[in-house]
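Just below is one structure, and these are the notes that go with it.
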Amino acid sequence: MTRSVPDKPSLDGIEEALAARWEAEGTYAFDRGAERAEVYSIDTPPPTVSGSLHVGHVFSYTHTDAVARYQRMRGKTVFYPMGWDDNGLPTERRVENHFGVRCDPNVPYDPGFAPPAKPDDKRKVAISRRSFVELCQQLTVEDEKVFESLWRRLGLSVDWAMTYATIGETARRASQRMFLRNLARGEAYSAEAPTIWDVTFQTAVAQAELEDRERPGAYHRFGFARADGQGAVEIETTRPELLAACCALVAHPDDERYKPLFGTIVTTPLFEVEVPVLAHELAQPDKGSGIAMICTFGDTTDVTWWRELQLPTRSILERNGRTKADCPEWITTGAGRAAYERLAGKTVFSAQAAVVEHLRETGALIGEPRAITHPVKFYEKGDRPLEIVTSRQWYIRNGGRDAELRAALAARGAEVDWHPPFMRHRYESWVQGLNGDWLISRQRYFGIPFPVWYPVEADGTVANDRPILPPEDALPIDPSSDCPPGYDEAQRGQPGGFVADPDVMDTWATSSLSPQIACGWEDDPDLFARTFPMDLRPQGHDIIRTWLFSTMVRSHFEHGVAPWRNAGISGWILDPDRKKMSKSKGNVVTPLGLLEEHGTDGVRYWAASGRPGTDTAFDPNQMNVGRRLAKKLLNASRFALNLGEAPPGAVPTAAVDLSLLAALARLVTEATNAFESYDYARALERTESFFWSFCDDHLELVKQRSYGDGGDEGAASARATLELTLSVLQRLFAPFLCFVTEEVWSWWQEGSIHRAAWPSVAEIPGDGDPLVAAVAAPALAAVRRAKSEQKRSLLWPVERLVVTEKPERLAALRLAEGDLIAAGTLAAIEYVELTGDGVATYDVTLGPA
RNA sequence: GGGCGUAUGGCUCAGUUGGUUAGAGCGCUGCCUUCACACGGCAGAGGUCACAGGUUCGAAUCCUGUUACGCCCACCA
């Protein structure tokens, strides 16, 4: 094709123009006809659209895009869909704040409802569940447009015809179908059990969503009266407000201090409830007084004791985080019931104050509370400590209660190649540490409902143990508006009729099916067969225990295989002070602002410099370096192409040219190997390094010859070499600098560079001697140094260059003599053989002006 | 308590199977308007490779231990 090299090449405006071209030409469209072996499929993380994209997203999605582009150039048909995670609590919270509303399932649906014109944070309007869901859907559609436009701006090579949303119909159908299959096989079940509970959101949460936070607390010491009237049994607790929920004391079986008490009865202070003293090896003699008060439920250890010691359930906390308004029946004495009145209906905080005050009044409190700081469990999205309440929930087995399953899931982890490999430890330690099944039900509104109804008995009780299930071909359904087979709507809530399961699935229960949703499981068996199991799951290391593990669980049960062959784990973005980049700061630096300021290629360069799994500092400086690299590629390409076109059939013959190409072939091998092991950063680094020396040394060495100064053959060799090198370098850079490489490619090549073949050593003459270029470069540098040190222009003539070198290196240097003389404006080169172990020297004598 | 990772010039990082005087970019200093690029180029200064032992002809690299930082898991009366 004829060359069309602009006089003043620029990066301005190319991003918009090329993005439009890619869209119009379907550059990244997935070819559905490709066989599985030809496909490279990527399980893209669906970003939470209710948040905003931040620098961390740009970082990790760029990594995946680089791999996708590499695979595409390697000839793979890349399956690279984009999902939006739009269901669940984050969306609910965003809608509540955005519109100033809150969902109240008791409010009837108003078709004409409009959200308040001015949202009032303090007085949120209660609206029906249906209206609430409508607002959720309305807002997520808007959010998704914003996300897509940013991703396009970042140049992600996804096929935008293939997007999915975790609240979309496909996702709902897949989630419900998989749930029904899990249920049928006994992998899912419901149970009434102590559950970790967030009192703010009023929903159960899963083990994987917990985090510890250091909070101030205090040890409170008080005594339990012994039946024999001997001295009281003293305990220490950080949760005195749960004294009324006490059902036993427990000490270690070997603890001599308490051995005599095991089996005896003691009485709680204030409430005067008789509780047994028991033994359990989980009790630690060195904690507090060595004997602990078991309450239902202060923490997860309480749950263990309660279960293993078969204690009664004495809950005093309601789901809203307040104590029960009415005195519980196990408190029977007059004084005890009066004591309860003082904390009835209070928050945990107020109840604690009330109990402590009462203990102090009665003289039961021993000493003053001792302030401590201790870790407290929080829901990762919540800001109040979690409580434990008893409730009926849906679970999926995950090995937490089954060693055999746990081992099988651990083995699945070993089927996956982890990048970097050490990330596998995160997976293994999580699997080994599981202590309960996976709780998937949430008492929320904007999520995928469980496809389940229950019969209502004649007496009005709900038969939770006899769920009514829809057939798979009816999915997706909403049990709160759809009727179960054989019933009609009039029977909803009636004796002899049915009720809907009120819960929704947690968002992980859906996103754990991202491979099935994206690949068209059951809905599109043809696509599924071409794309599943997938090749790559890219994600952050913080969600190995949630997203990665839960996806493994679902695939294990349904398909008996790991859902992907590779897991590419990205690191985090760190502030300059080495802390994880905070949301507040991350939002100040908006991705769009970065792209505008540094150019997309500059930002991508910075991102791609972060090695897999390595936390990386946020560094605008590196983005500028990337932008400069893009400009250099622009200018170097223009320069090299304008030196003149090689005549047809021209091949590299000059030693300097062949030497460069030998190094280029090594570069190709190195970059390819790096990509094959998912080390895109290494591929970029090597290519960049080669490119700069190509510009500084080779281009300088050969430009005179390229002009034709040394004759036609020399010029042809130089030009043919430059063309080949340029073509290879542009392609090696293409996965990273996707815009500028496409721009320079378009000057002289047909089609998109992103559809061009990844460079191969087969296209590069490999018989050159790398030594020629290797000795010419320092010689040229020595000439430049001399000129620079003597403050002369680089065009200043050199009278004489004396090179003292080893014989074989001198021989190589002689092969570059013509180019070196031209590039250094030398009059002559003298060669002196270096003997012994001496060091090579370059003696430069500058000439007169 | 168990585990993983990191530690290289002021800053950000390379250094892949141990091999000659440890590299790059940024920043700093100096020079050059050179016919691709002045938002450019060329060059210079700057490092006892966290510390202590060990293996070796030879260690930033391998082994042992220590320290610091980060993270994961467990515990959390």
Side-chain angles (χ1 to χ4, degrees), chain A residues 5 7-9 11 212 214 217 219-221 235-240 242 249-251 282-284 286-295 298-302 305 372 374-377 420 422-435 541-542 544-545 571-572 574 576 578-580 606 609-611 613-622 624-629 631-643 670 673-674 677 679 681-682 685-686 688-689 692 695-696 699-700 703 707 781 783-796 825 837 839:
Chain A
V5 183
D7 286 341
K8 280 275 173 193
L11 299 174
D212 285 345
E214 287 290 330
Y219 281 121
H220 301 76
R221 192 179 186 97
I235 65 104
E236 285 197 336
T237 180
T238 56
R239 304 219 45 192
L242 292 178
L249 299 187
V250 65
L282 235 51
Q284 296 181 30
D286 55 341
K287 279 270 172 66
S289 62
I291 186 163
M293 156 175 104
I294 304 176
C295 306
D299 59 33
T300 51
T301 315
D302 278 344
W305 281 326
I372 55 156
H374 63 154
V376 178
K377 289 230 179 295
F422 65 78
M423 283 297 177
R424 171 179 303 166
H425 298 296
R426 300 283 181 95
Y427 177 87
E428 284 167 358
S429 72
W430 175 253
V431 173
Q432 297 311 333
L434 287 165
N435 55 31
H541 54 64
D542 51 330
I544 288 175
R545 66 179 189 173
W572 277 337
L574 304 178
R578 311 299 311 183
K579 294 273 188 279
K580 184 189 177 187
W606 160 76
S609 303
R611 311 186 95 75
T614 305
D615 293 347
T616 300
F618 175 73
D619 190 355
N621 217 346
Q622 283 300 109
N624 282 331
V625 171
R627 188 164 177 79
R628 261 204 291 274
L629 175 62
K631 283 183 189 164
K632 190 76 175 178
L633 186 59
L634 211 56
N635 284 310
S637 296
R638 167 172 174 256
F639 178 60
L641 292 174
N642 280 344
L643 287 172
E670 218 171 357
N673 290 344
S677 53
D679 196 350
R682 183 182 175 81
E685 189 208 358
R686 293 308 155 105
E688 182 193 10
S689 166
W692 282 108
C695 291
D696 293 347
L699 276 179
E700 294 299 329
K703 68 176 160 189
Y707 287 136
V783 172
R784 286 188 198 128
R785 189 182 314 119
K787 293 178 181 177
S788 183
E789 281 169 354
Q790 296 178 46
K791 307 195 175 181
R792 303 296 186 196
S793 146
L794 291 180
L795 290 180
W796 197 269
T825 52
D837 294 333
V839 178

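None of these values were measured; they are calculated from a predicted model. Sequence lines set the chain letters: A, B, ... in the order given, protein chains first and strands last, and positions in each chain run from 1.
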How is [X] classified with respect to the nucleic acid when contacts are heavy atoms under 4.0 Å: base, sugar-phosphate, or nothing?
{"X": "A:Thr300", "result": "nothing"}
{"X": "A:Asn642", "result": "nothing"}
{"X": "A:Ile294", "result": "nothing"}
{"X": "A:Arg611", "result": "sugar-phosphate"}
{"X": "A:Ala283", "result": "base"}

Between [N] and [M], how far is it from one [atom1] atom to the other, in whole Å?
{"N": "B:U8", "M": "B:G58", "atom1": "P", "result": "27 Å"}
{"N": "B:C71", "M": "B:A52", "atom1": "C1'", "result": "27 Å"}
{"N": "B:G47", "M": "B:U33", "atom1": "C1'", "result": "35 Å"}
{"N": "B:G40", "M": "B:U56", "atom1": "C1'", "result": "48 Å"}
{"N": "B:A14", "M": "B:C73", "atom1": "C1'", "result": "32 Å"}
{"N": "B:U21", "M": "B:G27", "atom1": "C1'", "result": "25 Å"}
{"N": "B:G10", "M": "B:U67", "atom1": "C1'", "result": "23 Å"}
{"N": "B:G18", "M": "B:C62", "atom1": "P", "result": "8 Å"}

Between [X] and [N], is there a contact of a side-chain N or O with OP1 or OP2 at under 4.0 Å?
{"X": "A:Arg784", "N": "B:A43", "result": "yes"}
{"X": "A:Arg785", "N": "B:G44", "result": "yes"}
{"X": "A:Lys632", "N": "B:G41", "result": "yes"}

Measure from [atom1] on [X] to [atom2] on [N] and round the result to the nearest Å.
{"X": "A:Leu641", "N": "B:A36", "atom1": "CG", "atom2": "P", "answer": "14 Å"}
{"X": "A:Asn635", "N": "B:C39", "atom1": "CG", "atom2": "P", "answer": "12 Å"}
{"X": "A:Glu428", "N": "B:G5", "atom1": "CD", "atom2": "C1'", "answer": "16 Å"}
{"X": "A:Asp615", "N": "B:U6", "atom1": "CG", "atom2": "C1'", "answer": "10 Å"}
{"X": "A:Ile544", "N": "B:G5", "atom1": "CD1", "atom2": "C1'", "answer": "12 Å"}
{"X": "A:Gln284", "N": "B:C75", "atom1": "CD", "atom2": "P", "answer": "10 Å"}
{"X": "A:Asp7", "N": "B:C37", "atom1": "CG", "atom2": "C1'", "answer": "14 Å"}
{"X": "A:Trp692", "N": "B:A14", "atom1": "CH2", "atom2": "C1'", "answer": "17 Å"}

### Query
Mind checking whether A:Phe618 and A:Trp606 have parallel, tilted or perpendicular rings, split at 30° and 60°?
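Perpendicular, since the angle between the ring planes exceeds 60°.
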Could I get the full list of side chain to side chain contact (heavy atoms under 4.5 Å, CB included) partners for [X], not counting sequence neighbours?
{"X": "A:His425", "answer": "A:Phe422, A:Glu428"}
{"X": "A:Asn435", "answer": "A:Gln207"}
{"X": "A:Asp679", "answer": "A:Arg611, A:Pro612, A:Ala674, A:Ser677, A:Ala681, A:Arg682"}
{"X": "A:Leu282", "answer": "A:His280, A:Thr301, A:Thr304, A:Trp305"}

### Message
For the CG atom of A:Leu634 and the CG atom of A:Leu629, what is their distance to the nearest 0.5 Å?
### Response
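Rounded to the nearest 0.5 Å, the CG-CG separation comes out at 11.0 Å.
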### Query
In Å and rounded to the nearest 0.5 Å, what is the OH to OG1 distance from A:Tyr219 to A:Thr238?
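With rounding to 0.5 Å, OH (A:Tyr219) is 7.0 Å from OG1 (A:Thr238).
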Report the residues that fulfil salt bridge (charged side-chain N to carboxylate O under 4.0 Å, His left out) with [X], sequence neighbours left out, ordered by chain and then residue number.
{"X": "A:Asp212", "answer": "A:Lys377"}
{"X": "A:Arg686", "answer": "A:Glu670"}
{"X": "A:Arg792", "answer": "none"}
{"X": "A:Lys703", "answer": "A:Glu700"}

### Query
Is it the case that more than 12 heavy atoms not belonging to A:Asp7 sit under 6.0 Å from its CG atom?
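It does not: A:Asp7 CG has 12 such atoms or fewer within range.
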### Query
Can you tell which of B:A43, B:C42, B:C37 lies closest to the side chain of A:Asp696?
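Between B:A43, B:C42, B:C37, the one nearest the side chain of A:Asp696 would be B:C42.
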### Task
Kindly give the heavy-atom pair with the smallest separation between A:Ser289 and A:Ile235, and that separation in Å.
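Shortest heavy-atom separation between A:Ser289 and A:Ile235 comes out as OG-CA, 3.4 Å.
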Could you write out each protein N or O paired with an N or O of nucleotides 72-74 of chain B at a distance under 3.5 Å?
{"from": "B:C73", "atom 1": "OP1", "to": "A:Arg545", "atom 2": "NE", "distance (Å)": "3.4"}
{"from": "B:C73", "atom 1": "OP1", "to": "A:Arg545", "atom 2": "NH1", "distance (Å)": "2.6"}
{"from": "B:A74", "atom 1": "OP1", "to": "A:Gln207", "atom 2": "NE2", "distance (Å)": "3.3"}

### Any donor-acceptor N/O pair under 3.5 Å between B:C37 base and A:Lys631 side chain
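Flag unset: no donor-acceptor pair detected.
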### Query
Between A:Glu685 and A:Val250, which has a closest nucleotide on RNA chain B that is more 5'?
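On the 5' side of the pair lies A:Glu685.
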### Query
Taking for each residue the nucleotide of RNA chain B with the nearest heavy atom, is it A:Lys8 or A:Lys287 whose nucleotide lies nearer the 5' end?
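It is A:Lys8 whose nearest nucleotide is closer to the 5' end.
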### Task
Kindly write out the residues that satisfy side-chain hydrogen bond (donor to acceptor under 3.5 Å, both in side chains) with A:Ser788, not counting sequence neighbours, or none if the list is empty.
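By the side-chain hydrogen bond (donor to acceptor under 3.5 Å, both in side chains) rule, A:Ser788 matches no residue at all.
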### Message
Defining pairs by Watson-Crick or G-U wobble geometry with both distances under 3.5 Å, how would you list the stems of RNA chain B with at least three pairs each?
### Response
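The stems are B:1-7 with B:67-73, B:10-13 with B:23-26, B:28-32 with B:40-44, B:50-54 with B:62-66.
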Polar pairs (N or O, both sides) under 3.5 Å between protein and nucleotides 25-35 of chain B?
{"from": "B:C26", "atom 1": "O2'", "to": "A:Asn621", "atom 2": "OD1", "distance (Å)": "3.2"}
{"from": "B:C26", "atom 1": "O2'", "to": "A:Asn621", "atom 2": "ND2", "distance (Å)": "2.1"}
{"from": "B:G30", "atom 1": "N2", "to": "A:Ser788", "atom 2": "OG", "distance (Å)": "3.1"}

